[in-house]
Amino acid sequence: MVQANKAFTDAAKANATACAIIFNPRTLLYIMTDTERILFLREELERHNRNYYILNAPEISDREFDALMAELIALEKAHPEMADPNSPTMRVGSDLSTDFVQVEHRYPMLSLGNTYNREEVAAFWQRVADGLGGEPFCLCGELKFDGLGISLIYEHGRLVRAVTRGDGVRGDDVTANVRTIRSVPLRLPEGGGWPDTFEIRGEILMPWERFNALNAEREAREEPLFANPRNAASGTLKSKSSATVAHRGLDVRLYYIPGAGTDADSHFASLTRAREWGFKVSSSMTRLQTLDEVYAFIDHWDEARHALPVATDGIVLKVDSLRQQQDLGYTAKSPRWAIAYKFQPERACTPLIDVTYQVGRTGAVTPVAVMDPVQLAGTVVRRASLHNADILAGLHLHIGDHVYVEKAGEIIPQITGVDRAHSPQTTAPELQFITHCPICGAPLVRYEGEAATYCPNDTQCPPQQTGRIVHFISRDAMNIMALGPETVEAWYASGLIRDAADLYSLEVSQLCGADGTRERSARKVIQAIADSRQATFDRVVYALGIRFVGKVAAKALAAHFGSMEALRHATEEELTGIDGIGQVIATSVRAWMADERHQTFVDRLTACGVRMENEKTETLGHALDGLSIVVSGTFTHHSREEYKTMIEAHGGRNVSSISSKTSFILAGDNMGPAKLAKAQKLGVAIVSEEEFLQRLQGEA
């Protein structure tokens with residue numbers, strides 16, 4: 001402190017105007033300029049903020065903190081040339097509306113595979129052991145926080161961008177809102193040894209205390225309540241007012257640094273370093289050397305989690321060695337070196353009032369239990385899924401039965417059993433699954449080998465028609481977020497639209513009302529629909545709503561065929577030749593494309609200007625045409641990502657796992673022994689970095 005104030009004094013001699021007088025702990029008097037005072041206050045406030053929100057060791061009172069903040073706000077207002085987006089004053093937020101921009105992640109934010117019992121955990125342990133070829137390993141156990149995934153990017157020790165998980169490939173830039181979260185460092189302390197540029201990931205959370213207070217406020221204003229802290233955190237972070245975000249008191253837990261952000265080969269050590277840099281890393285993180293230690297970790301937190309200030313729904317187990325993580329690699333959806341263990345959900349018992357039926361966009365008819373309201377896992381539950389006819393029949397339900405309800409993954413309520421001992425005696429017949437569609441009256445069908453029951457009237461059953469349109473406009477599909485399900489249903493009921501292609505023929509005059517009072521919102525909707533014409537081809541494939549074709553399959557199909565015309569004429573053999581596309585998906589795609597109604601629908605979308613092929617990328621050559629290549633190890637001349645880009649530019653395709661269809665492995669140093677053994681077993685060629693570059697140079 002004395003050294004800092006001495007520096008301020010020396011600087012003040014050169015600029016004696018606009019000075020502030022301060023006293024250090026030894027009562028030595030120094031004078032500093034406004035500029036120096038601003039820098040000093042920013043550093044002090046960040047230090048006190050870190051002490052309070054991360055270290056839980058405050059040095060000053062809230063009143064003293066607020067006084068320092070008020071002084072800094074006044075000084076910054078007087079000196080606009082000192083504006084800094086990472087100043088502590090930015091945490092108060094702004095009432096200005098902000099539209100979010102989508103940003104592509106440097107490293108995809110994949111989801112984790114789930115386990116629910118010890119047998120599945122043991123199977124994961126064995127898969128890791130087999131994948132590493134018997135090499136010793138240990139796991140890192142962490143709590144699985146129930147919030148909104150976030151990626152924080154720092155450059156030169158300053159927060160420059162915060163991006164939500166989104167679809168795993170791209171997410172929303174929510175930097176302005178994240179800057180208001182006090183447990184997120186805006187600037188890292190000097191001399192911390194952090195990399196010049198790095199990314200750290202975690203979860204944005206709403207603590208239980210703030211969640212309960214927020215719902216109490218909303219109830220007093222007669223506003224809809226948030227269902228759970230995760231929904232509240234998500235809704236808050238996506239608010240267009242950063243002042244609202246600041247008011248609601250979100251928190252954060254960080255748990256992963258992708259791309260080797262530190263020089264350690266240990267996940268545990270990397271996060272320990274991150275904690276030293278000022279990040280809020282959970283103290284629950286523990287190294288686990290044996291399967292018994294894993295079980296003990298699970299048992300402890302299954303009970304202890306109820307006393308935590310934030311919501312959790314399980315634990316995460318990760319291979320600790322970063323090199324071993326790289327060796328184990330990834331599937332299309334998740335890393336092979338990590339898995340989530342979900343705690344058993346809470347269960348409640350309540351009387352059954354009725355069973356209703358919902359019709360989805362595919363025509364699947366789902367029975368839904370209507371119950372007396374019951375408190376479950378922090379929310380009030382009134383309805384629960386019964387899934388299908390077999391589950392309904394297996395429960396042998398009667399109106400008035402006392403049923404057990406729990407939340408699958410602590411999110412979706414479902415009926416799991418009946419308390420016969422406390423259910424009233426009744427002569428009412430057992431509930432039977434309906435035989436006709438509850439909406440259009442068409443006789444229901446059940447296809448061989450399927451659990452679901454369907455309404456086959458896909459051209460005239462309203463829920464199916466509107467459901468397909470809602471799917472088409474969804475965020476992961478065409479991303480027409482200016483529309484919602486209620487609007488789609490209203491437009492369909494009025495005859496304004498009959499399918500998604502009709503959206504592109506709408507005009508402002510049709511939407512702004514007879515008196516024109518809704519012209520502004522109508523123009524916004526029309527613009528959003530027009531913008532969707534630029535959606536990438538993989539999104540278009542997903543938006544079509546082909547049965548069994550999810551986001552991952554749509555990406556694979558779009559990448560392989562490149563255009564709707566090629567996909568339309570693809571054979572089942574060509575389809576099943578793609579990694580991740582099995583017989584079920586291939587058969588579904590062929591059946592969908594063979595339907596004349598669907599061909600007409602695609603032709604109409606094409607005529608409307610919807611993108612029906614991948615964007616043309618720069619082609620540097622054809623040396624790798626048709627080859628599937630795995631990149632493994634560390635390299636000298638280029639990074640792994642640069643090699644992947646080169647492979648695509650020369651006609652090749654990057655794949656994450658070795659199979660009999662792999663053309664060769666581009667292998668650098670430290671290639672995992674398990675991958676090497678598998679390649680040798682399958683007879684897959686190993687190509688060195690130098691050999692690969694010579695192959696490309698030979699084409700030039």
Side-chain angles (χ1 to χ4, degrees), residues 107-108 110 112-115 118-142 256-260 262-270 286-295 297 316-341 579-580 627-636 639-641 643-644 647 654-692:
Y107 305 99
L110 302 178
L112 296 179
N114 292 327
T115 58
R118 294 189 177 214
E119 291 74 22
E120 292 175 341
V121 171
F124 168 69
W125 181 280
Q126 190 59 51
R127 287 198 302 273
V128 170
D130 293 343
L132 295 174
E135 182 181 350
F137 68 93
C138 79
L139 300 183
C140 188
E142 306 168 17
Y256 182 51
I257 303 176
T262 70
D263 55 5
D265 181 46
S266 161
H267 171 74
F268 183 93
S270 292
T286 306
R287 276 193 173 114
L288 306 168
Q289 303 284 349
T290 68
L291 197 52
D292 285 340
E293 289 183 4
V294 173
Y295 293 153
F297 186 79
V316 175
L317 301 170
K318 301 174 183 174
V319 171
D320 186 48
S321 166
L322 302 184
R323 179 189 61 78
Q324 289 179 337
Q325 288 183 9
Q326 187 180 85
D327 290 344
L328 290 166
Y330 300 81
T331 68
K333 296 182 179 180
S334 58
R336 292 189 177 91
W337 45 264
I339 202 162
Y341 173 88
D579 282 347
L627 301 183
S628 297
I629 303 166
V630 172
V631 180
S632 180
T634 56
F635 299 92
T636 302
S639 69
R640 290 163 61 91
E641 294 304 315
Y643 275 122
K644 289 181 179 180
I647 287 169
N654 291 291
V655 293
S656 59
S657 58
I658 302 170
S659 71
S660 59
K661 298 176 183 177
T662 303
S663 303
F664 66 83
I665 299 172
L666 170 55
D669 295 332
N670 300 318
M671 178 181 171
K675 281 189 175 179
L676 180 60
K678 188 171 184 179
Q680 292 172 340
K681 180 180 179 181
L682 296 174
V684 176
I686 307 292
V687 175
S688 70
E689 184 175 14
E690 286 69 21
E691 290 172 331
F692 179 80

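What you are looking at is a predicted structure, and each value in this text was computed from that prediction instead of being measured.
- Heavy atoms only, all atoms of each residue included: Ala122 and Leu291 are closest at CB-CD2, 3.9 Å.
- Closest of all the heavy-atom pairs between Trp337 and Gln325 is CD1-O, 3.1 Å.
- Across all their heavy atoms, Lys644 and Val631 have their closest contact at CG-CG2, 4.1 Å.
- The backbone N or O of Val687 sits nowhere less than 3.5 Å from a side-chain atom of Glu691 that would complete a donor-acceptor pair.
- The shortest heavy-atom contact between Tyr107 and Pro258 is CD1-CB, 3.9 Å.
- Residues meeting the salt bridge (Lys or Arg N to Asp or Glu O under 4.0 Å) test with Arg287, sequence neighbours left out: Asp320.
- Contacts of Val316 classified as side-chain contact (heavy atoms from CB on, under 4.5 Å), with partners at least two apart in sequence or in another chain: Leu112, Lys144, Lys318.
- Across every non-hydrogen atom of Gln324 and Val319, the tightest pair is OE1-CG1, 3.6 Å.
- Scanning all heavy atoms of the two residues, the minimum distance from Tyr330 to Pro335 falls at CD2-CA, 3.5 Å.
- With rounding to the nearest 0.5 Å, the separation of CD1 in Ile658 from NZ in Lys678 is 6.5 Å.
- Among residues two or more places apart in sequence or in another chain, the side-chain contact (heavy atoms from CB on, under 4.5 Å) test is passed with Thr286 by Leu288, Phe297.
- Between Trp125 and Leu317, the closest side-chain pair of non-hydrogen atoms is not below 4.5 Å.
- Side chain of Asp265 to backbone of Arg323: a donor-acceptor contact under 3.5 angstrom is found.
- Aromatic pair Tyr643/Phe692: centroids less than 6.0 angstrom apart.
- Counting only distance, with no hydrogens or angles, the side chain of Glu689 and the backbone of Thr636 share a donor-acceptor pair below 3.5 Å.
- Contact of the Arg127 side chain with the Ile339 side chain is registered, since non-hydrogen atoms from C-beta on lie closer than 4.5 Å.
- Of the inter-residue distances, the one linking Ser321 atom OG with Asp327 atom CG reads 7.5 Å to the nearest 0.5 angstrom.
- To the nearest 0.5 Å, the span separating CZ on Arg336 from CG on Leu328 amounts to 8.5 Å.
- For the pair Gln680/Leu676, a side-chain contact is recorded, criterion being any heavy-atom separation below 4.5 Å from C-beta on.
- Side-chain contact between Asp292 and Tyr295: present, with at least one pair of heavy atoms (C-beta onward) separated by less than 4.5 Å.
- Of the possible polar contacts, one joining the Ser663 side chain to the Ser628 backbone as a donor-acceptor pair under 3.5 Å is found.
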